[in-house]
*Asks:* 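Quick one: the structure is below, and I'll ask about it shortly.
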Amino acid sequence: MFAESIKTNLPTELLRTLVTVCEFRSVTKAAQLLQLTQPAVLQQIRKLEIIIGSEIINRQLAGVNLTETGVEIAEIGSAVVVDQRHDHF
């Protein structure tokens with residue numbers, strides 16, 4: 001769905017945050033792991049939503065669910081994060 005230019009221009013830090021939120025289905029747990037505050041995590045998610053032009057998460061009492069767009073962006077983010085890990089080793 002997203003153009004290649006959008007995929008390659010998404011800030012890595014924001015993608016890493018989304019991937020972490022997705023992995024734990026929790027803003028609180030993601031914030032702890034990333035050593036950020038919850039508002040900082042939510043701000044990064046909001047920045048991604050602004051760049052993309054679509055909501056990517058739905059917060060609920062039981063945690064976080066990704067929207068359809070969020071799933072797609074999280075997949076992109078996972079690939080970017082994995083690529084970066086390989087570049088560092």
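Not measured: the values here are computed from a predicted model. Note that these values count all heavy atoms, side chains included, but never hydrogens, waters or copies made by symmetry.
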*Asks:* Who are the side-chain contact (heavy atoms from CB on, under 4.5 Å) partners of Q38, not counting sequence neighbours?
*Replies:* V27, T28, A31
*Asks:* Who are the side-chain contact (heavy atoms from CB on, under 4.5 Å) partners of N58, not counting sequence neighbours?
*Replies:* E55, T67
*Asks:* Atom OG1 of T20 and atom CG of L36: how far apart are they, to the nearest 0.5 Å?
*Replies:* 9.0 Å
*Asks:* In the structure I gave you, are the side-chain heavy atoms of V71 and I56 within less than 4.5 Å of one another anywhere?
*Replies:* no
*Asks:* Got a sec, which residues hit side-chain hydrogen bond (donor to acceptor under 3.5 Å, both in side chains) with Q35, two or more places apart in sequence or on another chain?
*Replies:* none
*Asks:* Is any side-chain heavy atom of C22 closer than 4.5 Å to one of V64?
*Replies:* no
*Asks:* Any non-hydrogen side-chain atom of I57 less than 4.5 Å from a side-chain atom of L18?
*Replies:* yes
*Asks:* In Å and rounded to the nearest 0.5 Å, what is the CD1 to CD1 distance from I45 to I50?
*Replies:* 12.0 Å
*Asks:* Identify the two heavy atoms, one from V19 and one from S78, that lie closest to each other, and give their separation to 0.1 Å.
*Replies:* CG2-N, 3.4 Å
*Asks:* Apply salt bridge (charged side-chain N to carboxylate O under 4.0 Å, His left out) to R59 and list each qualifying residue two or more places apart in sequence or on a separate chain.
*Replies:* none
*Asks:* Are L66 and I73 packed together at the side-chain level, in the sense that at least one heavy-atom pair is separated by less than 4.5 angstrom?
*Replies:* no
*Asks:* Please, which pairs that meet salt bridge (charged side-chain N to carboxylate O under 4.0 Å, His left out) have at least one residue in residues 26-48, sequence neighbours excluded?
*Replies:* R46-E49
*Asks:* Working to the nearest 0.5 Å, report the span between CD of Q32 and OG of S26.
*Replies:* 7.5 Å
*Asks:* Tell me who clusters with L33, hydrophobic residues only, linked when side chains sit under 4.5 Å apart either directly or through other members.
*Replies:* F24
